[in-house]
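Notes for the one structure printed next.
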Protein chains: 2
Amino acid sequence: MDTGSMLSKIRKQLHDGGFKLTPQREATVLVLLENDKDHLSAEEIYMLVKQKSPDIGLATVYRTLEMLTELKVVDKISFNDGVSRYDMRKEGAQHFHHHLLCLECGGIEEVEEDLLVDVEKIIEKRFRFLVKDHRLTFHGVCSNCQNKKSS
Amino acid sequence: MDTGSMLSKIRKQLHDGGFKLTPQREATVLVLLENDKDHLSAEEIYMLVKQKSPDIGLATVYRTLEMLTELKVVDKISFNDGVSRYDMRKEGAQHFHHHLLCLECGGIEEVEEDLLVDVEKIIEKRFRFLVKDHRLTFHGVCSNCQNKKSS
DNA sequence: TTTTTTGCAAAGTCTTTGCATGGAT
DNA sequence: ATCCATGCAAAGACTTTGCAAAAAA
């Protein structure tokens, strides 16, 4: 799906939620679409948006991200470093994808397949807990850093 | 395992790491042991420790928690509310247990069984990622809140 | 006109750090 | 005497909020 149709889809999601896709919000969404492999913090997003719209304020970025999170356009996640990070929800994804956090280099890989289907069934049955979403992050050593260490 | 033997075990872990179990640290560890079903924030731990040792400072609690996290006596986790929470690592547990976060009442249940053994094997094989630990939280509705809503 | 959104600055919350004091080895 | 740990206050990092101005409906 190209950026244009992603954008109109998101515009519709905003309108359905009673919001407008202002130039500032559009610029923020574009940054998120263009960096969908990264896990940007609000500050990082702000810096990138500023290149397109130099007059935007940090508060607007925060407010836009809060709105996008409510609308489930983005998912908000924290990797225990005290910063919230934002990730575009993948097309058609019911649940948030998983993450592999490398303890050596700090890099983050994404795992898009949902590996938790069976686990969720167990949770729903055994705990009578109605699962809506999940956050799964593995901490470990990525293949790159394993190679570096062995050599 | 009773509190006393837990404490001597932790004392040993500290000594092995080159730290002393000072009265302030001991009071902090006791609060954690006594509240191992909760997921206390640093501030909450501070308030409880203050009842035992009124002269303790918040910074000492933060420094103690950082030390205990490094020694893997406790696990640090954030549930996307901007606060770090601390949880005693369960006796003999290789990995951090899972959490069920209720979106209605904010309550947190613990899931002690490790349901990720198979998933981790897939991750290790498919991504050549060496898994050391994990963070898994389900977002949803707990059984209590489901009952409330249907009635 | 009425409502929504924005930018800025200020305030708020959570956490870390500097430093002099105090305790332990 | 040296080293580590503590308490306090200050600073730092991240995020939210109040408000007047601007934009949109």
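Every chain is numbered from 1 and lettered A, B, ... according to where its sequence line falls, protein lines coming before strand lines.
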Contacts under 3.5 angstrom, residues 36-43 of chain A side chains, donor-acceptor by atom type, not counting sequence neighbours:
| from | atom 1 | to | atom 2 | distance (Å) |
| --- | --- | --- | --- | --- |
| A:His39 | NE2 | A:Asp87 | OD2 | 3.1 |
| A:His39 | NE2 | A:His99 | NE2 | 3.0 |
| A:His39 | NE2 | A:Glu110 | OE2 | 2.9 |
| A:Ser41 | OG | A:Glu44 | N | 3.2 |
| A:Ser41 | OG | A:Glu44 | OE1 | 3.4 |

Self-check item: Heavy-atom side-chain contact between B:Val49 and B:Thr64 under 4.5 Å
Solution: no
Quiz item: Should side-chain heavy atoms under 4.5 Å link Ile, Leu, Val, Met, Phe, Trp and Tyr, which residues sit in the same cluster as A:Leu115?
Solution: A:Leu100, A:Val111, A:Leu116, A:Val119, A:Ile122, A:Ile123, A:Phe127, A:Phe129, A:Val131, A:Leu136, A:Phe138, B:Leu100, B:Val111, B:Leu115, B:Leu116, B:Val119, B:Ile122, B:Ile123, B:Phe127, B:Phe129, B:Val131, B:Leu136, B:Phe138
Self-check item: Sequence neighbours excluded, every pair satisfying side chain to side chain donor-acceptor pair (under 3.5 Å) that has a member inside residues 10-32 of chain A
Solution: A:Lys12-A:Asp16
Quiz item: Mind checking who shares a hydrophobic cluster with A:Val141, ILVMFWY linked at side-chain heavy-atom distances under 4.5 Å?
Solution: B:Leu130
Quiz item: Are side-chain heavy atoms of A:Leu68 and A:Tyr86 found at a separation under 4.5 Å?
Solution: no
Exercise. Could you tell me which residues satisfy salt bridge (Lys or Arg N to Asp or Glu O under 4.0 Å) with B:Asp81, sequence neighbours excluded, listed by chain and number?
Key: B:Arg85
Practice problem: Answer yes or no: is there an ion pair linking A:Lys52 with A:Glu34, defined by an N-O contact shorter than 4.0 Å? | Solution: yes
Practice problem: Taking heavy atoms of chain A and a 4.0 Å limit, find me the 5'-most and 3'-most nucleotide of DNA chain C within that range. | Solution: C:dT4 to C:dC8
Exercise. Give me the residues of residues 39-50 of chain B where at least one heavy atom lies under 4.0 Å from an atom of DNA chain C, by number, or none.
Key: none
Quiz item: Taking C-beta and beyond as the side chain, do A:Met67 and A:Leu14 meet within less than 4.5 Å on heavy atoms?
Solution: yes
Quiz item: Does any residue of residues 6-28 of chain A have a heavy atom under 4.0 Å from DNA chain C, and if so, which ones, in number order?
Solution: A:Phe19, A:Lys20, A:Thr22, A:Gln24, A:Arg25
Quiz item: Expressed in angstrom and rounded to an integer, what is the separation of A:Asp81 atom CG from D:dA13 atom C1'?
Solution: 12 Å
When the side chains of residues 56-63 of chain B are checked against the rest of the protein, which donor-acceptor pairs come out under 3.5 Å, sequence neighbours left out?
none

Self-check item: Residues touching DNA chain C, which here means a heavy atom under 4.0 Å, drawn from residues 60-77 of chain B
Solution: B:Tyr62, B:Arg63
Practice problem: Could you state the atom-to-atom distance from CG of A:Asp55 to C1' of D:dA23 in whole Å? | Solution: 14 Å
Quiz item: What residues form a salt bridge (Lys or Arg N to Asp or Glu O under 4.0 Å) with A:Glu124, not counting sequence neighbours?
Solution: none
Self-check item: Ion pair check, B:Arg126 and A:Glu113, cut-off under 4.0 Å
Solution: yes
Quiz item: Tell me, which pairs form a side chain to side chain donor-acceptor pair (under 3.5 Å) where one or both residues lie in residues 65-77 of chain A, sequence neighbours left out?
Solution: A:Asp75-A:Arg89
